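A short worksheet on the structure shown next.
To find a chain, count down the sequence lines: A is the first, B the second, and so on, and within it residues start at 1. This structure is a prediction, so every number in the text was calculated from the model and none was measured.
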2 protein chains.
Amino acid sequence: MSIKSDNRHLYLQVIDRIKHDIETGVYKEKQKLPSEFELSKQLGVSRATLREALRILEEENVIIRRHGVGTFVNARPLFTSGIEQLSSVTDMIEQAGRKPGTIFLSSTVQGSTEEDMRRFQCSPDEEILLVERVRTADGEPVVYCLDKIPCKYLPKGISYEYESLFENLHNQTNRDIAYAVAHIEPLGYHEKVSPILQCEPETALLVLKQMHFDKNDEPVLYSINYFKSDKFSFHVLRKRINF
Amino acid sequence: MSIKSDNRHLYLQVIDRIKHDIETGVYKEKQKLPSEFELSKQLGVSRATLREALRILEEENVIIRRHGVGTFVNARPLFTSGIEQLSSVTDMIEQAGRKPGTIFLSSTVQGSTEEDMRRFQCSPDEEILLVERVRTADGEPVVYCLDKIPCKYLPKGISYEYESLFENLHNQTNRDIAYAVAHIEPLGYHEKVSPILQCEPETALLVLKQMHFDKNDEPVLYSINYFKSDKFSFHVLRKRINF
DNA sequence: TAGGTTAAATTGTCTAACATCAGAGGTCTG
DNA sequence: CAGACCTCTGATGTTAGACAATTTAACCTA
């Protein structure tokens with residue numbers, strides 16, 4: 001394989017390998033995979049291990065398994081980059097092929113409000129940093145960002161002007177953001193934000209209020225993002241649970 | 001177990017059983033589950049089957065497994081009913097503890113537009129049924145619905161006035177909706193819809209444009225739903241992929 | 001031709017064993 | 001007594017092989 005650390009569990013490596021083979025066209029859409037017995041021989045793992053990998057790939061809708069028939073590559077190619085995949089605003093702008101920029105508005109340190117205490121599960125004397133920025137794409141303002149983060153998570157002398165808060169946290173502290181719970185709200189007009197983003201009167205805003213957690217489920221960052229609806233498009237894959 | 005059809009695969013039943021036991025408090029947060037050997041004996045399945053179930057529960061972030069240590073219930077309580085879980089508008093209203101109703105506005109049969117042909121992958125002479133309804137909660141209008149569905153998927157004499165289109169499709173045809181791709185858009189004011197939903201001027205709308213598919217990835221239903229933003233709250237769990 | 005039967009292929013499930021890892025506790029040594 | 005090291009134990013990870021259930025297609029028969 002590659003130089004990659006393969007000290008990870010075997011079934012994870014198998015998952016990556018099969019995904020890779022699908023992406024590179026070894027197995028094509030709707031095509032039948034080799035039988036489990038055959039495939040386990042090819043990959044040099046036991047059938048049980050292969051099955052654990054296949055189960056997860058099925059759960060992720062990458063493949064479909066049919067009892068007595070076989071395992072097939074699922075169609076559904078590029079539904080990625082949906083909203084269920086968390087990425088920083090910086091990444092979103094870059095993925096759209098545009099150059100991200102930041103207009104720094106303000107940063108203040110406050111005591112924690114009652115809401116903050118609930119959100120971050122902290123004491124009343126915990127200090128919270130509040131950063132206010134406008135994100136731009138090729139110089140054009142597209143997102144208004146309000147970020148709240150407890151000071152204890154930040155080293156002293158951190159530079160808030162730097163583009164990505166996600167990268168900041170990754171580089172300057174050891175807290176990687178693992179997931180977030182996002183609340184989605186529409187907003188017709190906001191007295192302060194709409195003019196900042198230079199919105200036409202008929203352009204609505206999509207507001208994402210997000211609580212970010214690290215891999216230990218500790219709340220790290222709360223953010224409110226106002227997206228110009230004509231500059232961003234959000235979608236999500238919704239799965240049915242019952243029947 | 002219950003009266004439920006247990007002709008489904010064993011590992012799926014095990015998943016449901018464990019989820020149920022977590023919800024009902026048999027296993028509590030952060031608590032250690034019995035060992036795989038023990039648990040497989042309790043449930044009356046083999047360890048291999050149990051492991052397939054546990055793998056998926058781990059993938060779904062319900063449990064955490066640590067080699068050489070054990071399996072633990074994850075914190076993360078009730079993040080369900082997020083938007084990534086597809087349910088009909090009827091279900092959403094019911095889950096809010098209110099009584100769903102329908103105001104039937106119109107239904108027309110049209111030829112397929114170019115857009116329809118692309119969406120449903122059908123020929124130009126395919127006829128499309130267009131249904132226009134207002135959904136109510138305890139009599140109050142909350143969602144404006146526009147549904148497009150190819151006539152070939154519908155038996156003759158189907159009753160569109162009946163509450164849930166999802167259930168209609170399930171009962172009167174054999175096409176169960178399995179998933180949908182939803183595009184999310186904010187809307188400040190809509191000339192036609194806002195008055196129908198009796199929106200205050202400052203109340204924005206959240207628009208969900210959704211393509212629904214059955215389990216064979218066949219496009220079945222296209223719908224545009226306008227939600228009154230003060231009556232509905234949407235959220236989604238966003239996971240980080242890289243790092 | 002129509003319908004039933006059989007056989008082959010494939011996924012689903014089970015059993016038993018060994019490998020690997022992490023933690024607990026004891027032992028040795030400075 | 002403290003700290004490093006060892007060993008034992010219980011847990012998950014992995015393997016091998018077998019049988020069960022299901023689907024499909026080929027075959028046979030009336």
Tell me the interatomic distance from [X], atom [atom1], to [N], atom [atom2], rounded to whole angstroms.
{"X": "A/H9", "N": "C/dA22", "atom1": "NE2", "atom2": "C1'", "value": "11 Å"}
{"X": "B/L43", "N": "C/dT15", "atom1": "CG", "atom2": "P", "value": "13 Å"}
{"X": "B/E52", "N": "C/dT13", "atom1": "CD", "atom2": "C1'", "value": "9 Å"}
{"X": "A/L54", "N": "C/dT13", "atom1": "CG", "atom2": "P", "value": "14 Å"}
{"X": "B/F72", "N": "C/dA22", "atom1": "CZ", "atom2": "P", "value": "13 Å"}

Original post:
Closest nucleotide of DNA chain D for A/G68 versus for A/V45: which of these residues is on the 5' side?
Top reply: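 With A/G68 and A/V45 compared, the 5'-side residue is A/V45.
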
Subject >> DNA chain C contacts made by residues 33-41 of chain B, counting heavy atoms under 4.0 Å >> reply: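 Close to the strand, none.
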
[N] phosphate, OP1 or OP2, under 4.0 Å from [X] side-chain N/O:
{"X": "B/T49", "N": "C/dG12", "result": "no"}
{"X": "A/R51", "N": "C/dG12", "result": "yes"}
{"X": "A/K32", "N": "C/dA9", "result": "no"}

All N/O donor-acceptor pairs, side-chain side in residues 42-49 of chain A, below 3.5 Å, sequence neighbours left out:
from	atom 1	to	atom 2	distance (Å)
A/S46	OG	A/T49	N	3.3
A/S46	OG	A/T49	OG1	3.2
A/R47	NE	A/E36	OE1	2.7
A/R47	NH2	A/E36	OE1	2.9

Original post:
Quick one: side-chain hydrogen bond (donor to acceptor under 3.5 Å, both in side chains) partners of A/E114, sequence neighbours excluded?
Top reply: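 In terms of side-chain hydrogen bond (donor to acceptor under 3.5 Å, both in side chains), with neighbours along the sequence ignored, A/E114 is linked to no residue.
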
**OP:** List for me each residue that meets side-chain hydrogen bond (donor to acceptor under 3.5 Å, both in side chains) alongside A/S35, sequence neighbours excluded, and say none if there are none.
**Re:**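 side-chain hydrogen bond (donor to acceptor under 3.5 Å, both in side chains) check on A/S35 returns nothing, list empty.
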
Original post:
According to the ring-ring contact (aromatic ring centres under 6.0 Å, His included) rule, which pairs have a member within residues 39-59 of chain A, sequence neighbours left out?
Top reply: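 Of all non-adjacent pairs touching residues 39-59 of chain A, none passes ring-ring contact (aromatic ring centres under 6.0 Å, His included).
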
Original post:
So which pairs with a foot in residues 21-73 of chain B pass ring-ring contact (aromatic ring centres under 6.0 Å, His included), sequence neighbours left out?
Top reply: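 Counting only pairs at least two positions apart or across chains, the ring-ring contact (aromatic ring centres under 6.0 Å, His included) contacts touching residues 21-73 of chain B are A/H9-B/H67.
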
Anything under 3.5 Å between a protein N or O and an N or O of nucleotides 16-19 of chain C, put it in a table, one pair a line.
from	atom 1	to	atom 2	distance (Å)
C/dA17	N6	B/R47	NH1	3.3

Original post:
Can you list the residues that meet the side-chain contact (heavy atoms from CB on, under 4.5 Å) rule with A/E94, with sequence neighbours excluded?
Top reply: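 In terms of side-chain contact (heavy atoms from CB on, under 4.5 Å), with neighbours along the sequence ignored, A/E94 is linked to A/T90, A/D91, A/P100.
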
Original post:
Listed by chain and number, what are the side-chain contact (heavy atoms from CB on, under 4.5 Å) partners of B/E126, not counting sequence neighbours?
Top reply: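 For B/E126 the side-chain contact (heavy atoms from CB on, under 4.5 Å) partners, ignoring immediate neighbours, are B/S112, B/C122, B/S123, B/P150, B/K152.
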
Original post:
Listed by chain and number, what are the ring pair (Phe, Tyr, Trp, His ring centres under 6.0 Å) partners of B/F232, not counting sequence neighbours?
Top reply: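 Partners of B/F232 by the ring pair (Phe, Tyr, Trp, His ring centres under 6.0 Å) criterion, ordered by chain and then number, come out as B/F227.
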
Subject >> B/H183: ring pair (Phe, Tyr, Trp, His ring centres under 6.0 Å) partners, not counting sequence neighbours >> reply: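 Partners of B/H183 under the ring pair (Phe, Tyr, Trp, His ring centres under 6.0 Å) test: A/H235.
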
Subject >> Segment of DNA chain D, first to last nucleotide, that comes within the 4.0 Å heavy-atom reach of chain A >> reply: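 Span of nucleotides near chain A: D/dG13 to D/dT24.
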
Original post:
A/R65 side chain: which of C/dA22, C/dT11, C/dT15 is closest?
Top reply: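 Nearest nucleotide to the side chain: C/dT11.
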
Original post:
Is it true that the side chains of A/R238 and B/Q85 contain a donor and an acceptor less than 3.5 Å apart?
Top reply: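 Distance-only check fails for A/R238 and B/Q85.
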
Original post:
Thinking salt bridges, do B/E52 and A/R55 make one under a 4.0 Å N-O criterion?
Top reply: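 A salt bridge is present here (some side-chain N lies under 4.0 Å from a carboxylate O).
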
